[in-house]
2 protein chains.
Amino acid sequence: MNISAAAAASGLSSKTIRYYEDIELIPPASRADNGYRYYDVSAVEQLRFVHQARLVGFSVAECRQLLELQSNSQRHSAHVKSLVLEKCDQLEQRIEELLQMQSMLRDLASRCSGNEGPDCAILDELGRGSAHE
Amino acid sequence: MNISAAAAASGLSSKTIRYYEDIELIPPASRADNGYRYYDVSAVEQLRFVHQARLVGFSVAECRQLLELQSNSQRHSAHVKSLVLEKCDQLEQRIEELLQMQSMLRDLASRCSGNEGPDCAILDELGRGSAHE
DNA sequence: TGTAAACCTTACAGCTGCTGGAAGGTCAAG
DNA sequence: CTTGACCTTCCAGCAGCTGTAAGGTTTACA
């Protein structure tokens, strides 16, 4: 399997796969006679693993940890689970932040008449820097 | 007002203020005789403006737009308002994404026994790359 | 057989939005 | 007169890729 097929199968881009190899997130791919990277089923599975982990919000560093756990038969599943729950909490926090920002924006928007004139409560408010603190 | 006082008054760091000047987001600060940057009330207000805009989710490029609008007496407040509402929508989208990620994580966590053993549904699932698609 | 498109390779630059550090000048307190 | 806290510039680095250049290979088709 060439890199672009592996990309299609894993959901990553070829570029990203090379990049992950570069930063040693994943081991160097084996090579065909012509020097092309070659991926077997288990290599693709690893790519998919990383892709999924990234999708649910793990950083590359955290993916490294997860891959280590995956290859460590001495692992405790409790450890893995705690990483997942921790990430969950982080997402929760981030969501709260975004909701905060959104409510500030909605508040700003509600104060602005939104017409052809230049008077704008949004610009005024931003300059005042209150932001309800 | 020195840069650190301006920083304290605006909520930005000195570093960030210099950076914003560097990328020409804000005009070059005036200088005292000793070469130190000097900020008056209106300069500080501009800094605060940018800080607030960043806080509610505007990118630096968008801040540039907002500053232009602020200094443009021909502006229509409707234009400003639409930028704010658009940003609101973007936040909404991002929040949805994070919620999605969170629900995938919760689902993964629920499948994992979380004990001393190595068997872990999370690692299995990530490798399978299903992610409920 | 030729050639053009579609792959593959490496290497390096750039993106966003800062932050840290080095090397040096200035200023206020004791 | 020294010490510490400012200030200055400039350059490097963080995450996590993505784009581009310059070249080699393979495949399809005329």
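Every chain is numbered from 1 and lettered A, B, ... according to where its sequence line falls, protein lines coming before strand lines.
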Distance-only donor-acceptor hits, side chain of residues 14-29 of chain A, under 3.5 Å, sequence neighbours excluded:
unit_1  : atom_1 : unit_2  : atom_2 : d
A:Thr16 : OG1    : A:Ser13 : OG     : 2.8
A:Glu21 : OE1    : A:Ala29 : N      : 3.4
A:Glu21 : OE1    : A:Arg37 : NE     : 2.9

Open item on the list: Tell me whether A:Asn2 contacts the main-chain N or O of A:Ala5 through its side chain, where contact means a donor paired with an acceptor under 3.5 Å.
Closed with: no

Task: Within-4.5 Å side-chain heavy-atom neighbours: A:Ile122 and B:Lys81 - done: yes

- [ ] Could you tell me whether A:Asp124 and A:Arg128 have a side-chain N and a carboxylate O separated by less than 4.0 Å?
- [x] no

Task: Contact letters for nucleotides 9-22 of chain C, in which S counts primed atoms plus P, OP1 and OP2 and B counts the base, heavy atoms under 4.0 Å - done: BBB-----BBSBB-

- [ ] Would you mind reading off the distance between B:Asp33 atom CG and C:dC27 atom C1', rounded to a whole angstrom?
- [x] 14 Å

Open item on the list: For B:Glu92, give me all partners under salt bridge (charged side-chain N to carboxylate O under 4.0 Å, His left out), at least two apart in sequence or on another chain.
Closed with: A:Arg106

Task: Side chains of A:Ser77 and B:Asn115, donor plus acceptor under 3.5 Å - done: yes

Open item on the list: Taking only side-chain N and O atoms of B:Asn34, does any of them lie within less than 4.0 angstrom of OP1 or OP2 on D:dT8?
Closed with: no

TODO: Write down the distance between CD1 (A:Ile23) and C1' (D:dA15), rounded to a whole number of angstrom.
DONE: 9 Å

TODO: Starting from C1' on D:dT18, measure out to CG on A:Asp22 and report it in whole angstrom.
DONE: 13 Å

